[in-house]
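Below, read A as the first sequence line, B as the second, and so on, with proteins coming before strands; counting in each chain starts at 1.
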Number of protein chains: 2
Amino acid sequence: MSEPAGKTTGDTRSRILDAAEVLFMDHGFDGTSMRMITSRAAVNLAAVNYHFGSKELLIQEVFRRRLTDLNKARLAALDVLEAEACEAPIKPSRIVDAFFGTALRMAADVEGGGHTFMCLLGRTYTEPNEFVRQFLAEEYAECVERFLAALYRALPEVERKEILWRFHFMMGAMSYAIAGTDALQLVTGKFDDEDPSQLAPRLMSFLLGGLRSPLAEAGPPK
Amino acid sequence: MSEPAGKTTGDTRSRILDAAEVLFMDHGFDGTSMRMITSRAAVNLAAVNYHFGSKELLIQEVFRRRLTDLNKARLAALDVLEAEACEAPIKPSRIVDAFFGTALRMAADVEGGGHTFMCLLGRTYTEPNEFVRQFLAEEYAECVERFLAALYRALPEVERKEILWRFHFMMGAMSYAIAGTDALQLVTGKFDDEDPSQLAPRLMSFLLGGLRSPLAEAGPPK
DNA sequence: AATTCATTAAAACGTTTGTTTGAATCATAC
DNA sequence: GTATGATTCAAACAAACGTTTTAATGAATT
């Protein structure tokens with residue numbers, strides 16, 4: 001056998017992936033050296049290049065490993081909603097929950113590494129590494145397309161462009177809620193030391209409030 | 001004279017700052033080398049260490065240069081509101097505009113570099129570089145404290161902790177709207193090619209909708 | 001015209017970077 | 001037991017990193 005996560009071979013591989021995930025989250029891609037990764041994973045320096053080929057391919061695999069599952073779970077939740085609705089439009093709040101709620105539940109999994117990964121993911125949205133961005137776009141394409149279509153159907157009276165904007169805003173609010181260390185946290189001192197289960201309901205209510213907010217008056221069309 | 005931005009000396013200094021600002025935004029701190037900065041600024045390699053001391057002090061100065069003005073403008077806007085109100089509570093929407101609208105107006109200034117800087121700032125909120133974070137906390141402290149106090153006064157019926165959460169969410173939505181390159185932009189292809197003046201009214205309405213959204217039911221207090 | 005001090009310039013400093021090499025080690029199949 | 005193929009290991013590679021050094025240049029002061 002050659003590549004698939006076999007019995008023993010998978011050990012080194014996943015030790016590397018786990019170590020890289022945490023370090024990328026803490027120090028960024030450029031701020032994390034191969035030696036940091038391999039020493040944290042307690043493997044030989046050459047192991048990364050042997051198992052993954054290069055640092056960039058390792059980065060790619062760190063994302064692929066979790067993102068595939070996340071977006072599968074999102075699509076499965078959407079499938080359920082659409083099956084229940086039988087062609088009828090779905091409540092926007094349930095669509096939003098299928099997309100963002102699923103991510104939040106992954107982020108609530110601290111021990112399994114889901115939280116670490118969601119922090120990394122949120123952080124990566126603003127890391128303009130061309131290589132990673134292209135990869136994320138491909139991984140997300142199908143999922144985003146289907147959810148947008150569902151929202152268009154759920155909100156037929158709202159212009160599609162507006163829905164796009166609001167989805168973008170929701171993305172931002174969620175990513176920051178998970179990954180951000182903004183001036184607030186810095187000034188007030190992380191106020192989410194308490195259990196992260198507090199985050200989900202609060203964020204969902206905020207997102208829905210924003211989504212439903214009256215549209216801005218057109219203003220001078222300029 | 002020694003340090004102040006004199007006649008000729010300021011030229012090299014600000015050329016370095018301008019170059020660094022763009023490069024940090026595009027490639028991050030670790031992804032931007034001294035040679036990239038100095039060659040873009042068309043100055044000698046040693047110039048950064050001569051004028052700023054080190055790379056980290058340069059980073060600090062890139063932020064200080066613009067952040068001081070931004071937060072001064074925010075506080076000035078809040079001063080106006082409070083003077084107009086004469087001790088009476090202020091409408092939350094006006095407080096939100098004084099804080100986020102001011103930032104959005106800076107971000108709308110593309111030619112003067114305001115847009116570049118706001119992208120960099122949003123990106124930095126998720127860059128856990130300890131050095132930069134500490135610096136941002138100090139720069140923001142007074143401003144955030146005064147705006148939170150104003151919001152507490154404007155929304156006396158809402159628990160303070162909830163206001164904190166929502167401020168955090170608003171921070172995230174705005175930063176991403178400016179700096180984020182999430183799956184949406186990646187999939188739909190940047191949809192903000194049009195003038196960035198479209199962003200401000202849409203985001204403000206989203207933020208206010210989220211801020212006013214009914215609070216999440218307490219749920220199982222756990 | 002000579003002196004002084006801030007600035008720029010070119011070259012080199014020692015580290016650290018990602019990657020590669022070739023031998024050692026291991027488990028499995030014959 | 002011997003051979004085979006995958007994996008681990010220590011060591012080295014050139015390239016790039018941030019920083020320092022020393023000399024040249026510039027403009028102002030004496």
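When A/Phe169, A/Tyr176, A/Phe100, A/Phe206 are each tested for a ring-ring contact (aromatic ring centres under 6.0 Å, His included) with B/Phe169, only one passes: A/Phe206.
The listed nucleotides are D/dT8, C/dT19, D/dT19; the one nearest the side chain of B/Lys55 is D/dT19. For B/Leu45, counting side-chain heavy atoms from C-beta on, the closest listed nucleotide (D/dT8, C/dT8, D/dT19) is D/dT19. Listed candidates were D/dA10, C/dG18, D/dG18. Nearest to the side chain of A/Asn44 is D/dA10. For A/Arg35, taking side-chain heavy atoms from C-beta onward, the closest of the listed nucleotides C/dT17, C/dT8, D/dT19 is C/dT17. Nearest to the side-chain atoms of B/Ser33 among the listed nucleotides D/dG18, D/dC9, D/dT19 stands D/dG18. In this structure, of C/dA10, C/dT7, C/dG18, it is C/dA10 that holds the atom nearest to the side chain of B/Ala46.
Here the C1' atom of nucleotide C/dT25 and the OH atom of A/Tyr50 are 12 Å apart, to the nearest Å. Atom-to-atom, CZ of A/Phe52 to C1' of D/dT7 comes out at 14 Å; the value is rounded to the nearest Å. Taking atom CG on A/Asn49 and atom P on C/dT19, their separation rounds to 5 Å, with Å as the unit. We find that CD1 of B/Ile16 is positioned 11 Å from P of C/dA9, with the value rounded to whole Å. The nearest whole Å value for the distance from the CD1 atom in A/Ile37 to the C1' atom in C/dG18 is 11 Å.
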Item to check | B/Tyr125 and A/Arg123: CA distance, side-chain angles, deciding distance, side chain to side chain donor-acceptor pair (under 3.5 Å) verdict | outcome: CA-CA 9 Å; B/Tyr125 285 142; A/Arg123 184 199 161 116; over 6 Å; no
Next on the checklist: B/Asp18 vs B/Arg65, test: salt bridge (charged side-chain N to carboxylate O under 4.0 Å, His left out). Steps then yes/no.
Outcome noted: CA-CA 11 Å; B/Asp18 289 340; B/Arg65 176 172 69 146; 3.0 Å; yes
Next on the checklist: Evaluate A/Arg15 against A/Thr38 for side chain to side chain donor-acceptor pair (under 3.5 Å), listing each step before the verdict.
Outcome noted: CA-CA 9 Å; A/Arg15 278 234 301 288; A/Thr38 53; over 6 Å; no
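In this structure, A/Leu58 and A/Ile37 have side chains that are in contact, with non-hydrogen atoms separated by less than 4.5 Å. Inter-residue side-chain proximity for A/Glu145 and A/Glu142 is flagged as unmet; no heavy-atom pair is nearer than 4.5 Å.
For A/Arg146, the CZ atom sits in a packed shell: over 12 heavy atoms of surrounding residues, nucleotides or ligands are nearer than 6.0 Å.
Across every non-hydrogen atom of A/Phe147 and A/Arg74, the tightest pair is CZ-O, 3.4 Å.
For DNA chain C, no neighbouring residue in residues 56-65 of chain B is found when judged by any heavy atom under 4.0 Å. Non-hydrogen atoms lying under 4.0 Å from DNA chain C are contributed by A/Thr32, all within residues 19-32 of chain A.
Distances shorter than 4.0 Å separate some side-chain N or O of A/Thr12 from OP1 or OP2 on D/dT8. Taking side-chain N and O atoms only, B/His51 has a distance below 4.0 Å to OP1 or OP2 of C/dT8.
A donor-acceptor contact closer than 3.5 angstrom is absent between the side chains of B/Arg66 and B/Thr116.
Residue B/Ala47 is classed as having no contact, given no heavy-atom separation below 4.0 Å to the nucleic acid.
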